[in-house]
There are 2 protein chains.
Amino acid sequence: MPLYYQLSQQLEAAIERGRLAPGSLLGNEIDLAARLGLSRPTVRQAIQSLVDKGLLVRRRGVGTQVVHSQVKRPLELSSLYDDLEAAGQRPATRVLRRTPRPATAEVAAALGVAEGAEVLLLERLRYAHDEPMAYLRNHLPADLIDCDSERLESTGLYRVMRAGGITLHSARQSVGARAATQEEAGRLGEPDGAPLLTMERVTFDDTGRAVEFGSHVYRASRYSFEFQLLVRP
Amino acid sequence: MPLYYQLSQQLEAAIERGRLAPGSLLGNEIDLAARLGLSRPTVRQAIQSLVDKGLLVRRRGVGTQVVHSQVKRPLELSSLYDDLEAAGQRPATRVLRRTPRPATAEVAAALGVAEGAEVLLLERLRYAHDEPMAYLRNHLPADLIDCDSERLESTGLYRVMRAGGITLHSARQSVGARAATQEEAGRLGEPDGAPLLTMERVTFDDTGRAVEFGSHVYRASRYSFEFQLLVRP
DNA sequence: CAGGTCCGATTGTCAGGACAAATGCTTGAC
DNA sequence: GTCAAGCATTTGTCCTGACAATCGGACCTG
């Protein structure tokens with residue numbers, strides 16, 4: 001484990017436990033490095049990673065201060081399944097459909113394949129505490145992974161992809177709202193015309209290839225997106 | 001202007017213009033540094049900033065590759081006014097209310113002030129192309145800035161804050177949806193019960209002080225949040 | 001007392017060097 | 001022909017050293 005990483009972990013833990021009070025100075029980098037027996041660049045790298053996380057603020061001529069907390073976790077490309085699990089919500093999935101199908105113009109554009117080319121259509125219902133939570137509709141390139149329904153019911157799509165050797169890199173998302181159709185309302189246990197939270201997402205791996213196009217709807221009465229943003233300096 | 005910044009700008013421009021093709025190797029850092037007359041750490045710092053932006057991918061033993069694009073701009077703490085302006089949407093604002101008022105329990109908790117303490121309530125209607133777009137309701141600490149209605153109508157709240165010497169640092173957001181009340185529907189020109197996109201946000205400055213608590217509703221028929229996410233490694 | 005000026009403290013930038021770790025290709029053995 | 005070992009390439013980590021830019025307070029001056 002790299003030294004700068006160990007140090008940043010220690011500092012983060014110290015901040016978390018209140019051993020480093022919010023607003024307090026961290027002590028200058030030169031002394032800190034000498035005291036730890038490290039070089040200044042190494043110490044700087046550790047500090048920088050915490051600055052990027054929003055836990056610290058640097059000011060030239062002044063020092064490095066612990067930010068007055070409230071920072072929990074910045075927005076990351078997360079899986080609904082993992083989020084629910086982390087929140088202790090007992091997530092579960094029912095696979096409604098898993099079938100090849102020719103790509104429509106919209107899907108083809110999103111995935112960067114030819115219109116009419118075969119893609120895998122996935123329709124799932126996601127539960128939390130045995131209550132329906134979201135209706136998930138995904139399109140994947142046909143030959144990307146073999147995702148049997150069994151594995152998809154016991155975990156999230158992203159975990160299946162990662163296990164299949166795909167390195168997720170970035171995603172383009174769009175979050176909106178609309179009224180539920182009759183069919184959607186029935187599936188999710190909402191009244192007709194109830195407001196739904198919608199999310200469209202195209203996910204890319206580190207070669208820039210689109211690996212997933214998702215069109216999801218969430219019950220607005222039971223779900224909202226929560227996240228933390230940092231100002232990029 | 002720092003050297004590493006100049007270099008990262010040049011590289012970014014080269015990628016943008018296609019002079020560096022997606023998927024192509026960048027050439028090893030040692031040669032690059034020698035060719036440019038820079039040290040390797042400087043070159044690495046420039047490359048690292050583009051990796052953080054999602055434009056490049058590094059692989060030990062292989063090299064640094066240009067990612068297959070699609071990356072536009074990562075999610076940042078942005079102002080609706082600036083976003084609309086950047087999209088050429090002719091933003092405009094009408095200030096409906098600007099009045100001191102004692103903080104409710106919810107507002108007090110969000111801003112970290114005492115319940116009943118005086119805060120500034122701000123209600124605005126945001127237009128795009130002369131069409132109502134969103135109803136913005138903000139609470140600010142009473143003595144934070146003097147924001148006359150005039151300035152608020154000609155620009156966004158964040159710009160007023162920055163001009164007042166406040167350094168924005170982070171925000172905690174929550175995005176959801178619900179049906180419009182009769183009053184909201186009337187104000188926004190939507191039918192009763194129309195789905196609305198909601199956003200709550202507490203914004204902090206770099207000392208950790210809460211500087212704003214906003215509860216906004218957007219016409220779902222005319223607005224959605226679009227952003228780009230990167231996987232944090 | 002008010003205002004500007006200087007100075008110490010601290011982070012920001014940059015150079016140059018050394019070794020470790022991972023990757024992919026080549027080479028060699030069976 | 002196939003598989004494994006080795007080697008070159010490239011990024012990852014870490015060190016030392018130096019100077020610049022900025023901030024805040026102390027100090028001096030009017």
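Everything numeric here is computed off the predicted structure, so don't read it as measured data. So that the names make sense, note that chain A is the first sequence line, chain B the second, and so on, each numbered from 1. Computation of the quantities below employed the complete heavy-atom set of this structure, encompassing side-chain atoms and omitting hydrogens, waters and symmetry-equivalent molecules.
Against DNA chain D, the stretch residues 36-45 of chain A makes heavy-atom approaches under 4.0 Å through A:G37, A:L38, A:S39, A:R40, A:P41, A:T42.
Atom P of nucleotide C:dT23 and atom CG of B:L25 are separated by 15 Å, given to the nearest angstrom. Rounded to a whole Å, the CG atom of B:L56 is 11 Å from the P atom of D:dT11. Atom pair B:I30:CD1 and C:dA18:C1' shows a separation of 11 Å (rounding to whole Å applied). Rounded to a whole Å, the CG atom of A:L3 is 17 Å from the P atom of D:dG12. Remark: C1' of C:dC14 and CG of B:L7 are 13 Å apart, rounded to the nearest angstrom. A:R58 places its CZ atom 14 Å from the P atom of C:dT10, with the value rounded to the nearest Å. Atom CD in B:E29 sits roughly 6 Å away from atom P in D:dG12 (whole-Å rounding). Rounding to whole angstrom units, CE of residue B:M1 and P of C:dT13 are separated by 10 Å.
Donor-acceptor pairing under 3.5 Å is recorded for the side chains of A:E212 and A:Y158.
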What are the atom names and distances for every N/O pair under 3.5 Å that joins the protein to nucleotides 22-25 of chain D?
from	atom 1	to	atom 2	distance (Å)
D:dC23	O4'	A:R60	O	3.2

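When every heavy atom of B:R126 is checked against every heavy atom of B:G156, the shortest pair comes out as NH2-CA, 4.3 Å. Between A:L140 and A:L111, the shortest heavy-atom contact is C-CD1, 4.1 Å. Summarising the geometry of A:V175 relative to B:L197, their closest heavy-atom pair is O-CD2, 3.7 Å, with the distance given to 0.1 Å.
A salt bridge links A:E12 with A:K53: at least one charged nitrogen is closer than 4.0 Å to a carboxylate oxygen.
Judged purely by atom type and a 3.5 angstrom limit, B:D205 uses its side chain to pair as donor or acceptor with the backbone of B:G208. Side-chain atoms of A:Q173 never come within 3.5 Å of backbone atoms of A:V202 as a donor-acceptor pair (strictly under, hydrogens ignored).
Looking at A:R137, A:R101, A:R98 one by one, the single match for salt bridge (charged side-chain N to carboxylate O under 4.0 Å, His left out) with A:E123 turns out to be A:R137.
Considering only side-chain N and O atoms, A:Y4 lies nowhere under 4.0 angstrom from the phosphate OP1 or OP2 of D:dC14. Neither OP1 nor OP2 of C:dT10 sits under 4.0 Å from any side-chain N or O of A:T64.
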Legend entry - A:R58 vs A:Q48, side chain to side chain donor-acceptor pair (under 3.5 Å): CA-CA, chis, key distance, verdict: CA-CA 9 Å; A:R58 310 175 103 140; A:Q48 188 59 46; 2.6 Å; yes

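The 5' end of DNA chain D is approached more closely, in terms of each residue's nearest nucleotide, by B:L26 than by the other of B:L26 and A:P2.
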